[in-house]
2 protein chains.
Amino acid sequence: MNIQFKKGVLELCVFAILEEGDCYGYELVNKISENITISEGTIYPLLRRLTKEGYFTTYLVESSEGPPRKYYKITDEGLEVYKNLKNQWLSFVEGVNHVIERGDNLE
Amino acid sequence: MNIQFKKGVLELCVFAILEEGDCYGYELVNKISENITISEGTIYPLLRRLTKEGYFTTYLVESSEGPPRKYYKITDEGLEVYKNLKNQWLSFVEGVNHVIERGDNLE
DNA sequence: ACAAACTACCTTGCATAGCAATGTAGTGAA
DNA sequence: TTCACTACATTGCTATGCAAGGTAGTTTGT
């Protein structure tokens, strides 16, 4: 999978999943991996950054299957950013589609 | 516009336009700009790189409206790469859509 | 003749984000 | 006690887009 395509989009994916409910990092990696190849080394710094920027809060929960899990919860501010980012993404994809399909409809 | 989204995608756009017919750099900037914000400082190095990699050939044409134009022509190898890249892009977008719409269809 | 605006090319240095590789620890099964 | 899995984390590398700058030719207005 083209690494470059993912730039900025994984952030959108994390927001989208957390909008549905709290998750811990490892869980996010697995959920996103169902559809997009992703590495742990990407997710953890990303979560750290977005938390620092105030878009997520965190809390620890003990686990019986391994070390404690750090759950992430989206904030109101995070929700705002998510909505904007999602719209930006959708219109970007539309723009790209116009470019790559321009030939198909030309006379 | 989110700069990160464009990573790798502008390459796809350039391929797509050149697949329809030869273009010079400045013309590509204008065509892509109809749909996506782009800068000259992005396109020229990109064209240079893809030419160096054997995906384009170039030829100069005198212009009556300014300096000579450097036209780019896609090669057979370039066409191959374009097809792969386009498919990668389409399946990537599909993957992302699955992630960001997962909530909409959950019971 | 001169300046501004447009066409058309190009380069340098910076910022960003994803990843491979690596490390730490806890749990559970062979 | 070793392997596999869960779960966290960090470092250094790479790739790409952009702002800002430059060079040159053409056209238009004054």
Side-chain angles (χ1 to χ4, degrees), chain A residues 1-15 22-33 35-53 55-56 58-72 85 88-89 92 95-96 99, chain B residues 1-15 22-33 35-53 55-56 58-72 85 88-89 92 95-96 99:
Chain A
M1 176 174 303
N2 192 316
I3 294 179
Q4 300 303 322
F5 287 165
K6 303 179 201 172
K7 297 290 170 79
V9 182
L10 296 181
E11 183 176 321
L12 174 68
C13 291
V14 168
F15 270 121
D22 302 357
C23 279
Y24 53 98
Y26 193 77
E27 192 182 6
L28 278 165
V29 173
N30 289 335
K31 285 191 176 179
I32 296 176
S33 294
N35 296 286
I36 301 167
T37 309
I38 197 180
S39 145
E40 285 187 64
T42 303
I43 282 294
Y44 289 114
L46 176 59
L47 288 170
R48 178 174 290 278
R49 197 193 91 218
L50 294 175
T51 303
K52 191 181 169 194
E53 289 173 355
Y55 304 141
F56 303 146
T58 65
Y59 55 92
L60 284 175
V61 175
E62 289 297 323
S63 165
S64 59
E65 297 164 44
R69 296 165 173 168
K70 189 187 270 185
Y71 277 82
Y72 292 83
L85 197 61
Q88 276 178 50
W89 167 250
F92 174 73
V96 174
V99 175
Chain B
M1 177 173 301
N2 191 318
I3 294 180
Q4 300 302 325
F5 287 165
K6 303 180 203 172
K7 298 289 170 79
V9 182
L10 296 181
E11 183 175 321
L12 174 68
C13 290
V14 167
F15 271 121
D22 302 357
C23 279
Y24 53 98
Y26 192 77
E27 191 182 7
L28 278 165
V29 174
N30 288 333
K31 285 189 177 181
I32 296 175
S33 294
N35 296 287
I36 301 167
T37 310
I38 197 180
S39 143
E40 286 187 61
T42 303
I43 283 294
Y44 289 115
L46 176 58
L47 288 169
R48 177 173 291 276
R49 197 194 91 217
L50 295 175
T51 303
K52 190 181 169 193
E53 289 172 355
Y55 305 141
F56 303 146
T58 63
Y59 54 93
L60 284 176
V61 175
E62 289 297 322
S63 164
S64 57
E65 295 163 45
R69 297 166 172 167
K70 188 188 270 186
Y71 277 82
Y72 292 82
L85 197 61
Q88 275 178 50
W89 168 250
F92 174 74
V96 173
V99 176

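- Distance from the side chain of A:Lys7 is smallest to C:dG18 among D:dG17, C:dG18, C:dT16.
- Closest to the side chain of B:Pro67, from the set C:dT16, D:dG25, D:dT10, is D:dG25.
- As judged by a 4.0 angstrom heavy-atom cut-off over every strand, A:Thr37 is placed among residues touching the sugar-phosphate backbone only.
- If you check C:dT11, C:dC19, D:dC8 against the side chain of A:Tyr24, the one that comes closest is D:dC8.
- Looking only at distances, a side-chain donor or acceptor of A:Lys6 sits under 3.5 Å from a matching main-chain atom of A:Thr37.
- The side chain of B:Lys70 lies closest to C:dC10, out of D:dA19, C:dG18, C:dC10.
- Of the options A:Tyr71, A:Tyr72, A:Tyr59, a side-chain hydrogen bond (donor to acceptor under 3.5 Å, both in side chains) to A:Asp22 is made by A:Tyr59 and by none of the others.
- Here the side chain of A:Ser39 is nearest to one of D:dA9, C:dA20, C:dC10, namely C:dA20.
- The side chain of A:Tyr26 has D:dC8 as its nearest neighbour among C:dA8, C:dT16, D:dC8.
- Using a 4.0 Å heavy-atom criterion, one finds that B:Gly25 contacts the sugar-phosphate atoms exclusively.
- Side chain of A:Arg69, nearest nucleotide from C:dC10, D:dT6, D:dG17: D:dT6.
- Residue-level contact check: B:Glu27 touches neither bases nor backbone, having no heavy atom under 4.0 Å from any strand.
- Counting distance only, with no hydrogens placed and no angle test, the side-chain atoms of B:Glu40 and the base atoms of C:dC9 include a donor-acceptor pair under 3.5 Å.
- Below 30°, between 30° and 60°, or above 60°: for B:Phe5 and A:Phe92 the angle between ring planes is between 30° and 60°, a tilted geometry.
- At the heavy-atom level, B:Lys6 lies under 4.0 Å from the strands shown only through sugar-phosphate atoms.
- Between the C1' atom of D:dT10 and the CZ atom of A:Arg48 lies a distance of 9 Å, rounded to the nearest Å.
- Taking the side chain of B:Leu46 as heavy atoms from C-beta on, and the options D:dA15, C:dA8, D:dG17, the nearest nucleotide is D:dG17.
- A salt bridge does not link B:Glu27 with B:Arg69: none of the charged nitrogens is closer than 4.0 Å to a carboxylate oxygen.
- Residue A:Leu10 is the one, among A:Glu65 and A:Leu10, whose nearest nucleotide of DNA chain C lies closer to the 5' end (criterion: closest heavy atom).
- Side chain of A:Tyr44, nearest nucleotide from D:dC18, C:dA25, D:dT10: D:dT10.
- Aromatic pair B:Phe15/B:Phe56: ring centres closer than 6.0 Å.
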